[in-house]
Amino acid sequence: MIEIEIDGKPLQAPQGAMIIEVADANNIRIPRFCYHKKLSVAANCRMCLVEVEKMPKTVPACATPVTPGMKIFTESQKARDSQRAVMEFLLINHPLDCPICDQGGECELQDNALSYGNDNSPYRETKRVVKDEDIGSLVATELTRCIQCTRCVRFGQEIAGLRELGMVQRGEHSEIRTFMKQALKSEVSANVIDLCPVGALTSKPFRFTARAWELNQHPGIAAHDAFGSHIYLHTRRDELMRVIPKDNENINECWLSDRDRFSYLGVNSAERLLSPMIKRNGQWHATDWETALLFASKSLNQVKQKYGNNAILGLSSPNTTLEEYYLFAKLMQVLDSQDLTYHVRDTDLRDAALLPEPHFGISIADIEEQKAIFVLGSLLAAELPLMSLRMRKAILGGACIDVINPFNYDFNFSLTSETVCTPQQFAQELASIIKVLLKDTPNQALADLAIVKNAQPKAYHEAIANRLKQEEKSFIYLGALAYHAQDAALLRMLALAIANLTNSQFGMYTDGANSFGLAKIHRALSIPVQASTTLAANSNHKAIMLHQLEPSLDCANPYQMDKLLDQAEMVIALTSFKEPNLLQHADVLFPISTLGETSGTLVNLENKVQNFAGCIPPKGEARPAWKVFRVLGNLLNAEGFDENSTHEVLNKVFENFPDDATLPSLAEIAQQLADAKFQPVDNSNTAHDECYRLTTWPIYRVDNLVRRSDALQTSGAAKPAAVWMNEATMKKFQLQEGDKVSIQQSGNTQLNVYLEAGLPDQVVWVPAGFNETSSLGENFGKIVINKI
Amino acid sequence: MKLKQLVSPETLSQIDHWITKYPTTQKQSAVLPVMMLVQDEHHGWLTNELIEAVADYLGMSHIAAYEVVSFYTMFESQPIGKHKISVCTNISCQLNGAEKIVDHLEKRCGTKLGETSADGKFTLREVECMGACIRAPMLEYNKQYYESLTPEKVDELLETMK
């Protein structure tokens, strides 16, 4: 630390820090446009000029490091004159029409012009005009307002790892542009809206709908992935107007994924269910809450009386809050059923006894400290967009990253090694790494496993094993493709064995925003952990309760779900939206609250418990789901169900909230793996006229709210419903890009063919979450393709 | 398309030679000479396809390559005439009668500064100082400087362009 002085105030500062950093840390205001704490120093706006003793000219505070004894003046006449001159120059080409600019009222240029500018200028000439460009459905451009700070360009280059915007031409012709007018494709592209200090880049959906000073700000938690990013919900009167990030260095820093930022648009979807509905003789009738609740409770009671235990199935979205799921679980107990699950997309839970809850061994902030990372089966930026940014930081800090994936996925950083294989081979790949590790750390139990015996390690297995072992900070991540794979449990056990042998940390992707919390409810209430596909296959449930779930879009096997719903006597759906498939199968629909309309608690992948409050009243007759479960409990004359707020429910949840589960030891893992049930589910070869299907839920198809955000659906990162395959597969089935094919897997559908060169032969990628693919079967498995 | 499919093997070997002059992690440092080689081989201007191919070859983003092309006046991203003439109008040339040269060129070539003649023969470009002030006014044609210009000298030069 060194001694310096700013505006006469003696301060301690770290050696090498820039003046502006020291000033910010001590709440001394220096105006700026191009400087941003998370971006590299550009020093091109010159707004932060300050006077330094013994320096002949004023210097930019963002690019001048402090030196011992330095005396800095931010408000001297000389500094003020410089700032005023810069301001005048910036305003030469900037329109002075704040009343018609969307940024007005929250504009850094406006604020600085007021504090540091002149009230008029001798400049009388015409201002320059820049043509706008359509860069997609999320970010609106008004490039005449651009002051060339290049924050958006540096964000793409340094943070997002996908440089889409650039400064083209030069001098007074400089403009922000994309190459060939492309829509922004990054999953975090909309952060440039926050970064832009002026009204050049603004939120397209929010634009011109409200003024900053009309909005109320409410803190919240984003509910689409396991990060649990901190957000602010902005409301005007009773309407949700927009979502912006809330700074939290430990989770989302100052960023937010586009999914978390624009999902709010679904709240006002035309498909919102506004009143309870009952189906009579195949016709839907709107009704009041009392009638609907009585009808539902009576029907549930009848099914329970008639069919006994486990006749009722409960399926919930993994985004559900602790409170909702707790009451749902309690209600299921009252109905004598243990068949409740939120595992709607993952199908393999053979390891539930050893690994009763998901695991993520490091904190989010620690991801960037890792030195060796091994990723299995992940489309990282589409699963956890902000984790992709953290991993990128680790790579830029010198970390090695090895990836085994079913195709060449474009990570936003460069990889140390990349291996392509089918999901069926994942287990064998992990076993090969184990075999390498066993050379130095013998373990008979592991060596005796058939899968390890059969393994034939290659050079890259050795390299991965060595890196994980040598680096002190090493991390193994299983992505969504591993989590949803047919052998997910086997993969987890093998990966845990590798983590154990290499002293690495282990972390996994989970679906939705609350898988970590919901697993704890299962443990607290001793409810067996079962996948929806297992539950659906093993018994004929006569009544089914769905919570914020659209089975044809959200489940691993929509075909099976369709059959199950068909044979059920009673389907009760708590949902925010009228989805066609729900309307077809359900008998009662309860309208429930969605984002911003209810309070609750989510647990993120760090096992961090995070509460949020409601900030707008639910639309129409909709009510928070926890109230619906509570009243159903009351109507069934069950004990308990007397909570008056989510807070009271949460207290009940916490009465018996389990500590984090400990990871199994190596011996336990080896013993478990030796069990006959831990064989690969499907190791058979693909017949010559078949393909192996692999599935992901594309980033904007993951839940009912996101699916109804029109801006996200038309954005550059959105994927169409289609089938992707490599050239050899296309040739084999005599197809060309753009052809329509019929796909058979339990059901039938027709999809367009796209080229994805990195896929293995006869492996096709068919995304879920679309109506077009909702007639198909399992998310992983054999399918038949026919040219039409 | 890959750069390999778009340029001749000779050009590609020259490109590779330029790349060896920089550290392997900073291949994009070679973007200026590489773009120049590619432009020379493709009628003096760079299509979007060529810019993309060069960017991919040097491991840089497409927009970053386009920034370079749009920044420097020696790169063209639109079709140009058969002969590209770059006239300096900066201070020394201006004081020594560059305007007269420009007027003459515009008349003779049948096009305005910054534009291409209707017959597609000439493109006139205004450039900043090219470091030949000692013999102002000057123009550049086909990588050669023509200095101490008079309208007559310009006519002589134009005669050679068929």
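In what follows, every chain begins at residue 1, and chains take the letters A, B, ... in the order their sequences are listed.
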Would you indicate whether [X], at its atom [atom1], is surrounded by more than 12 heavy atoms from other residues, nucleotides or ligands within a distance under 6.0 Å?
X: B:Lys100; atom1: NZ; result: no
X: B:Trp45; atom1: CH2; result: yes
X: A:Asp410; atom1: CG; result: no
X: A:Phe413; atom1: CZ; result: yes
X: A:Glu737; atom1: CD; result: yes

Portion of A:Gln157 that has a non-hydrogen atom of chain B nearer than 4.5 angstrom: neither

So, do B:His62 and A:Met180 sit near enough that their side-chain heavy atoms are less than 4.5 Å apart?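 Side-chain contact under 4.5 Å: no.
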
Considering all heavy atoms, the nearest B:Glu67-A:Met167 contact: OE2-N, 2.5 Å

State, to 0.1 Å, how close B:Ile63 and A:Leu165 come at their nearest heavy-atom pair, and which atoms those are. CG1-C, 3.8 Å

Charged N-O contact under 4.0 Å between A:Arg170 and B:Glu128: no

